[in-house]
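Letters A, B, ... mirror the listed sequences (proteins, then strands); counts begin at 1. Below, each value reflects all heavy atoms present in this structure, side chains not excepted, and no hydrogens, waters or symmetry copies.
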Protein chains: 2
Amino acid sequence: MTTNSGAVSNRGQSSDSVRQHNLTTVLRLVHLNRKILRSQLTAITGLNRSTVLALISELEELGLVVESESQGSSGVGRPSLMVAPNENVVAFSVNPEIDATTVSVVTLSGQVIDRRRKLMGSHPSPEDAIRVSAEVISEMRKAFRPGTQIAGVGVSVPGQVRTSDGVIRYAPQLGWVESAFATALSQETGLNVFLGNDASLGCLAEARFGTAKNVNDLVFLFAGSGGIGGGVVSNGMTVGGAAGYAGELGHMKVSSSGRLDYSGLPGTLESLVRREDLLDFFKLYVATDEELAAEIRSSESSRAKRLIHDQLDSLAEGLSNLVNIFNPEVIVLAGFLTSLFEFDPDYLLSQVKKGSLAAAAERVVIRNGALGADLLVLGAAELPFDALISSPSSYSLKSA
Amino acid sequence: MTTNSGAVSNRGQSSDSVRQHNLTTVLRLVHLNRKILRSQLTAITGLNRSTVLALISELEELGLVVESESQGSSGVGRPSLMVAPNENVVAFSVNPEIDATTVSVVTLSGQVIDRRRKLMGSHPSPEDAIRVSAEVISEMRKAFRPGTQIAGVGVSVPGQVRTSDGVIRYAPQLGWVESAFATALSQETGLNVFLGNDASLGCLAEARFGTAKNVNDLVFLFAGSGGIGGGVVSNGMTVGGAAGYAGELGHMKVSSSGRLDYSGLPGTLESLVRREDLLDFFKLYVATDEELAAEIRSSESSRAKRLIHDQLDSLAEGLSNLVNIFNPEVIVLAGFLTSLFEFDPDYLLSQVKKGSLAAAAERVVIRNGALGADLLVLGAAELPFDALISSPSSYSLKSA
DNA sequence: ACCTATTTGTTGTTTAGGACAACAAGTATC
DNA sequence: GATACTTGTTGTCCTAAACAACAAATAGGT
């Protein structure tokens, strides 16, 4: 017998907060499931049928959900109505990269309905990215069908984001330092803007819509050309830290090697598991993850195999630590780590188990992420959607 | 601007759950503060005065709190009543060690009112510890004053505890494997029994009553003769992991050294920061933490200083990783790590900052724990108290 | 085709519990 | 001693969820 002390708020609850909580709970379920039967909502929430009816009616009046008759019968009895997010509710997703900025439109039901990628000079300033984002958003808004409601903008930042005020504290690859990105983009667009670290948002997306759906304890590791980022969900909540900088799993020291990572720290996971090393070996100049994956998959030379296994060993050392620290249910890999894993899944798992405590590792599963190119787009859009969902009746949606 | 997605339950709330939540909130505040004015309760909870009155009346009828007139005035206006936990509500704390088992009695107000340490043979079995604990508990119950109500038993385990069923999965120093400790001790005593990892409970205690009070993101590191354990609080919640094995921070690999820790893993924090190494150097056979601390404090030889700084360097490597992973507000040290830290606090902090990302480390504070010998006693007692507090009106207290 | 069992939607009523308002009680200041 | 201020206490109001009863829509059996 053991208890889990839940998150503590010290606030009391009145009937008003109950209503808010129930509206939030129903809307979240509709959002997460994309569509769900009313009968399932009553079953999951434990609320009375009549209460669920009232809640959905209110959400429908707010323009957040729509009901429709479900096709195909689900058994005896009067068929239940299907509840789905209102397709008119959308969010923008902004993804700044080193040479381009991508802006996408995501519906509350998780559909990516528009995406535009703007190439930029090789080292865009934050101001450049803000200007381009604002322009694209403005264009896109003009094309919206009438009645479209905008929840806000979510930005995935390849760097550290200060949660309290939406400032980009440091984005190494972009060279951005202390940029008040959220405030500035909010002024340009008149929309609510939310920032998040890219890997943390990827973690969020995989936990909500991807391979780690319904998993309460998970570790996410994401590796691209700019190094290794991570995200952690514990007790069903994102581990954010005091200021929002938590989850820098790539900068975990695992060896005494003097090799430096992109932030200048020696012997870290990021310094040992490197996309560049593989590209160099395969003599690929620039390559997509798919091209690299193909090379890895077809590797037969012992030199190639040794290199890949070395990388797997280093990855395993990092994952072992994370298993000891977090005892996750699932480890999710993304970016080129998926190719490494696929090359020899059993090897990676066995090495991880070897380097960690038997208890902590005994039920852990390693999986590749399921969201592919939509990972960061969906993750970033969750930020404004979260804000909307947590106060459905008072959140101010903006019209197109 | 950024949001923190809260913990998600999917359950709806009715007026009944509101009452439970409010009772829990008030009782928790009374417990955490040991005593608190009713006016402060209304201010903190945001509830109406009349509502707080009703809640406290119910808790008083349940025998959980008592009200008294506050001494000394606190300003203009009618003086507010003081609310305190009922001293008749207690929990047992059981702390098995390698050569003894200690049983303590803790009141809901956090007073340790009795403590008995039973020496045991050098390698007691779980059954031995259960039998001895049950005997001591039985004796102690006879001495209770009439009306005493028992919330249950909390056990601090120097090893891995499976949360779901209260089984000790593996306690290396004791040599215990897969022991259904909670079930057995519950049968012997007729009380609810809860288990927790010792370091995790120490973390909990420091976060609630010690140096990290009101801190929502903290990392706790505890080192004794049996190695290094840890605990983490993130978003105000203990990081427990999928099965309860999270927080094994001592087994984090930080170097390529082949030196093994007590669980056989190489190059880990525990293998490099060792109480034994210091004892050997100072030629102390067995020593209390105080004796070791005195030796460290008075070290003047350059060899001693080098050894201590080496240990500090290794400790810093581990802490740097934890800073990058958790971005904590506070790091709390306990056990002999306090002596290491006190030897050169600035050095440890600067080494931690050197090995971690500037952003993640910029506001971190390192502190020694404040609870000393009561650490595990208070921590373990929190387990039954948590169960009581989370359902005040339906929890079944046992009488003496 | 009709009847029954089953499930869900809908409507009207009840009820639990927090908010609110009004007043009493006790303290500090002038 | 008068006033202002804060808190305790009591009675009433109000919100929102539960409940009960009935209607609607389906599947399966005869």
Side-chain angles (χ1 to χ4, degrees), chain A residues 9-27 35-62 65-83 391-394, chain B residues 9-27 35-62 65-84 392-394:
Chain A
S9 81
N10 285 341
R11 298 297 302 177
Q13 288 185 333
S14 61
S15 47
D16 203 53
S17 59
V18 172
R19 183 62 163 199
Q20 290 309 311
H21 175 267
N22 286 344
L23 283 172
T24 294
T25 303
V26 168
L27 183 55
K35 56 182 187 178
I36 184 169
L37 292 172
R38 227 158 87 173
S39 57
Q40 293 177 338
L41 286 173
T42 67
I44 296 171
T45 60
L47 294 168
N48 192 280
R49 278 211 301 281
S50 57
T51 307
V52 173
L53 165 65
L55 292 168
I56 291 175
S57 302
E58 185 167 342
L59 291 174
E60 209 160 8
E61 275 173 32
L62 289 166
V65 308
V66 290
E67 275 189 312
S68 60
E69 296 187 358
S70 59
Q71 4 262 50
S73 77
S74 53
V76 211
R78 180 172 175 174
S80 194
L81 295 177
M82 188 62 80
V83 188
S391 49
S393 59
S394 60
Chain B
S9 81
N10 285 340
R11 297 298 301 178
Q13 287 185 334
S14 61
S15 48
D16 204 51
S17 60
V18 171
R19 183 64 163 196
Q20 291 309 311
H21 175 267
N22 287 344
L23 283 172
T24 294
T25 302
V26 168
L27 182 55
K35 57 182 186 179
I36 185 170
L37 291 172
R38 227 159 87 172
S39 57
Q40 292 177 341
L41 286 172
T42 67
I44 296 171
T45 60
L47 294 169
N48 192 279
R49 278 210 301 280
S50 57
T51 307
V52 173
L53 165 66
L55 293 168
I56 292 175
S57 301
E58 185 166 345
L59 291 174
E60 210 162 5
E61 276 174 33
L62 289 165
V65 306
V66 289
E67 273 190 312
S68 59
E69 296 188 358
S70 60
Q71 1 264 49
S73 75
S74 54
V76 213
R78 180 174 176 174
S80 193
L81 295 177
M82 187 64 79
V83 188
S393 59
S394 59

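- A:R49 is not listed as a side-chain neighbour of A:S39, based on a closest heavy-atom distance of 4.5 Å or more.
- Taking side-chain N and O atoms only, A:S50 has no distance below 4.0 Å to OP1 or OP2 of C:dT10.
- Comparing B:R49 and B:L55 along DNA chain C, the residue whose closest nucleotide (by nearest heavy atom) sits nearer the 5' end is B:L55.
- The side-chain heavy atoms of A:N22 and A:T45, taken from C-beta on, include no pair separated by under 4.5 Å.
- Rounded to an integer number of Å, the gap from B:L53 CG to C:dA24 P is 17 Å.
- Residue order along DNA chain D, read from the 5' end via each residue's closest nucleotide, puts B:G77 first among A:V76 and B:G77.
- In this structure, A:N22 reaches the D:dA17 phosphate: one of its side-chain N or O atoms is under 4.0 Å from OP1 or OP2.
- Among the protein residues, B:T42 comes within range of no part of the nucleic acid, since none of its heavy atoms lies under 4.0 Å from any strand.
- For the pair A:V26 and A:V65, the minimum side-chain heavy-atom distance is 4.5 Å or more.
- Rounding to whole angstrom units, CG of residue B:L23 and C1' of C:dG17 are separated by 11 Å.
- In this structure, A:E67 atom CD and C:dT8 atom P are separated by 14 Å, rounded to whole Å.
- In this structure a side-chain-to-backbone donor-acceptor pair under 3.5 Å is missing from B:S80 to B:L37.
- With hydrogens and angles ignored, the 3.5 Å screen pairs a side-chain donor or acceptor of A:R11 with a backbone N or O of B:I44.
- Of all nucleotides listed (C:dT8, D:dT10, C:dG18), C:dG18 comes nearest to the side chain of A:S14.
- Between A:V66 and A:M82, every side-chain heavy-atom pair lies at or beyond the 4.5 Å cut-off.
- Within 4.0 Å (heavy atoms only), B:G12 reaches no atom of the nucleic acid at all.
- The distance between atom CG of A:L47 and atom C1' of C:dG9, rounded to the nearest whole Å, is 16 Å.
- Comparing the start and finish of the helix from C:dA1-D:dT30 to C:dC30-D:dG1, five pairs each, the helix axis swings through 10°, to the nearest 10 degrees.
- One finds no side-chain N or O of A:R78 lying less than 4.0 angstrom from the OP1 or OP2 phosphate oxygen of C:dT6.
- Contact annotation: the side chain of B:L41 approaches that of B:I56 to within less than 4.5 Å [non-hydrogen atoms, C-beta and beyond].
- What separates CG of B:L41 from P of D:dT6 is a distance of 18 Å, to the nearest Å.
- Side-chain atoms of B:E67 and B:R38, non-hydrogen and from C-beta on, do get closer than 4.5 Å to each other.
- In this entry the distance linking CD of A:Q13 with P of C:dG17 reads 13 Å, nearest Å.
- Taking only side-chain nitrogens and oxygens, B:S80 never comes nearer than 4.0 Å to OP1 or OP2 of D:dT7.
- Between B:R38 and the phosphate of D:dG8, there is a side-chain N or O to OP1/OP2 separation shorter than 4.0 Å.
- Between the CG atom of B:N48 and the C1' atom of C:dA16 there is a distance of 16 Å, given to the nearest Å.
- The CD-C1' distance, from A:Q20 to D:dT15, rounds to 13 Å in whole Å.
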